[in-house]
Number of protein chains: 2
Amino acid sequence: MQLDRLVNFHKTVGDKTRLRIIGLLKEGPLHGQAIAGKLGLTPPTISHHITKLKEIDVIVQRRDKNTIYYHLNERKLSLLASAITKLGDEEMNTEFQVSDEEKLKVLSNFFDDNGQLKSIPAQLKKRLIVLEHIIKGLEPGKSYPEPKINEHIKKYHEDFATIRREFIMHHFMTRDKGYYELNPRELWLI
Amino acid sequence: MQLDRLVNFHKTVGDKTRLRIIGLLKEGPLHGQAIAGKLGLTPPTISHHITKLKEIDVIVQRRDKNTIYYHLNERKLSLLASAITKLGDEEMNTEFQVSDEEKLKVLSNFFDDNGQLKSIPAQLKKRLIVLEHIIKGLEPGKSYPEPKINEHIKKYHEDFATIRREFIMHHFMTRDKGYYELNPRELWLI
DNA sequence: AATCTAATTAGATTATTATCTAATAAGGGG
DNA sequence: CCCCTTATTAGATAATAATCTAATTAGATT
């Protein structure tokens with residue numbers, strides 16, 4: 001983590017309009033015109049701010065027909081926000097990317113020899129690794145009815161409801177009228 | 001916590017020079033010329049930045065003869081840094097000031113009827129409340145030899161070494177050649 | 001009082017940036 | 001293929017702010 005990146009994060013976020021956008025997107029994704037309307041600004045202005053927020057990775061987007069929906073990446077936001085308290089620490093360099101080794105280690109700790117999840121990790125970082133592993137068995141672009149999703153999760157752990165909820169909460173998938181679909185990888189919080 | 005204050009925090013901290021100052025002060029207090037020297041900038045420039053950092057409460061100062069030492073308030077820094085992840089939450093409004101009621105509640109939980117500290121709180125916020133209570137029996141401006149400090153702490157808890165260390169760590173007091181002295185209240189992290 | 005040191009203020013320069021209007025691009029649907 | 005909607009780019013304007021030099025203030029010591 002280089003200093004300039006941290007400077008840029010705070011510079012970007014140190015703007016009333018952009019903080020208001022972040023506040024809005026915490027409630028859920030919105031498209032450009034909707035944001036412009038809610039903030040009383042013009043679409044080009046929003047475009048300008050969204051570009052900056054995307055540059056620091058706290059916003060990702062998903063297209064639906066003509067409309068682009070902007071999502072807040074809360075995990076990135078929180079990692080970047082706390083970096084300032086770790087200025088100079090060694091830890092600073094490692095926290096932003098989870099290495100493959102680390103993932104393997106967590107997976108081997110939480111799954112038994114039959115591939116069953118022994119318990120749901122309490123720590124967010126580890127929980128995301130486990131969720132990523134489970135969701136990999138599903139197909140991108142395909143639409144699944146709820147029972148299919150439950151069935152898939154039950155292959156790993158009996159508490160399918162909790163895990164299904166986590167999938168939604170951390171933007172691994174989207175639910176629409178009882179059907180579930182994987183989100184594009186950029187929306188995953190890992 | 002109003003939005004403008006948060007904007008101002010990030011705007012202030014979103015500057016390379018100011019982040020470098022924060023990084024330097026994490027190692028310990030420094031005076032203006034020292035900072036200017038280490039960063040290769042002129043004293044007026046440092047003065048300018050220090051003023052801004054004081055405005056957001058992240059730096060406090062202490063005068064010694066002609067020289068002013070600037071200290072980093074790490075607790076404020078970390079509270080402000082994490083505020084962005086709580087945008088819109090109710091919690092945002094409460095976290096910044098510890099109310100007297102809350103202090104009383106913590107004190108009655110951690111001290112027994114004879115005024116003895118039952119245990120050292122693990123949670124930082126509570127530990128600071130307890131430390132503040134214990135240090136109140138000492139006199140500002142007076143210089144104490146180490147045994148006097150130990151004796152004072154032992155009236156509350158047997159583990160005087162740990163508590164004495166916490167006093168230093170959280171800037172309640174300063175040690176100089178085996179003598180201890182209370183810091184001015186503005187340096188306390190509570 | 002005179003002097004030394006450290007800090008701050010004043011004023012100027014230069015660079016950055018938030019916002020707008022107008023124009024253009026991109027993608028879908030009739 | 002033309003029209004509609006949404007998003008982006010271009011260009012202009014006005015405001016903010018980082019840094020410097022020079023001048024001033026503040027405290028302490030001789």
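Since we're looking at a predicted model, the values are computed, not measured. As a basis for the values below, the full set of heavy atoms in this structure was taken, side chains included, without hydrogen atoms, waters or symmetry mates. Every chain is numbered from 1 and lettered A, B, ... according to where its sequence line falls, protein lines coming before strand lines.
The side chain of B:R18 contributes an N or O atom lying less than 4.0 Å from OP1 or OP2 of D:dA18. Dashed line: the shortest gap from a side-chain N or O of A:Q33 to OP1 or OP2 of D:dT5 is not under 4.0 Å. Between B:K65 and the phosphate of D:dT29, there is a side-chain N or O to OP1/OP2 separation shorter than 4.0 Å. In terms of phosphate contacts, A:T45 brings no side-chain nitrogen or oxygen within less than 4.0 Å of OP1 or OP2 of C:dT19. For A:T42, a side-chain nitrogen or oxygen approaches OP1 or OP2 of C:dC20 to under 4.0 Å.
Side chain of B:S47 to backbone of B:P43: no donor-acceptor contact under 3.5 angstrom is found.
Heavy atoms of B:T17 sit under 4.0 angstrom from primed sugar atoms or phosphate atoms, though from no base atom. Using a 4.0 Å heavy-atom criterion, one finds that B:H31 contacts the sugar-phosphate atoms exclusively. Backbone-only contact: A:K11 has heavy atoms under 4.0 Å from sugar-phosphate atoms and none from a base. Among the atoms of the strands shown, none is found under 4.0 Å from any heavy atom of A:I50. Residue B:Y69 is classed as having no contact, given no heavy-atom separation below 4.0 Å to the nucleic acid. Residue A:L41 is classed as a sugar-phosphate contact, given heavy-atom separations below 4.0 Å to backbone atoms only.
A 3.5 Å limit on both hydrogen-bonding distances identifies C:dA1 as the Watson-Crick or G-U partner of D:dT30.
Contact of the A:D15 side chain with the B:V7 side chain is not registered, since no non-hydrogen atoms from C-beta on lie closer than 4.5 Å. Contact annotation: the side chain of B:L41 never approaches that of B:I35 to less than 4.5 Å [non-hydrogen atoms, C-beta and beyond].
Remark: P of C:dG27 and CD1 of A:I68 are 9 Å apart, rounded to the nearest angstrom. In this structure, B:D4 atom CG and D:dT16 atom P are separated by 13 Å, rounded to whole Å. Remark: C1' of C:dT19 and NZ of A:K52 are 13 Å apart, rounded to the nearest angstrom. In this structure, CZ of B:R62 is placed 19 Å from C1' of C:dA7, rounded to the nearest angstrom. Distance B:I21 CD1 to C:dA7 C1': 14 Å, rounded to the nearest Å. Atom pair B:R63:CZ and C:dA6:P shows a separation of 12 Å (rounding to whole Å applied). Put simply, NE2 on A:H49 is 13 Å from P on D:dT8, counting in whole angstrom units. Following rounding to the nearest Å, A:I46 (CD1) and C:dT19 (P) show an atom-to-atom distance of 8 Å.
Considering only side-chain atoms of B:P44, the nucleotide from D:dT21, C:dA26, D:dT9 that sits closest is D:dT21. Closest approach to the A:D15 side chain among C:dA18, C:dT8, D:dT9 is made by C:dA18 (side chain taken as heavy atoms from C-beta onward). Between C:dT8, D:dA18, D:dA7, one nucleotide has an atom nearer to the side chain of A:T67 than all others, and that is D:dA7.
Minimum interatomic distance between A:K76 and A:R5 (heavy atoms only, all atoms of both residues): CE-NH2, 4.3 Å. When all heavy atoms of A:I68 and A:Q61 are compared, the pair lying nearest together is CG2-CB, 3.6 Å.
Residue whose closest nucleotide on DNA chain D sits further toward the 5' end, between B:G40 and A:A34: A:A34.
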Could you walk me through whether B:Y156 and B:H152 pass the ring pair (Phe, Tyr, Trp, His ring centres under 6.0 Å) check? CA-CA 8 Å; B:Y156 299 93; B:H152 175 78; 5.6 Å; yes
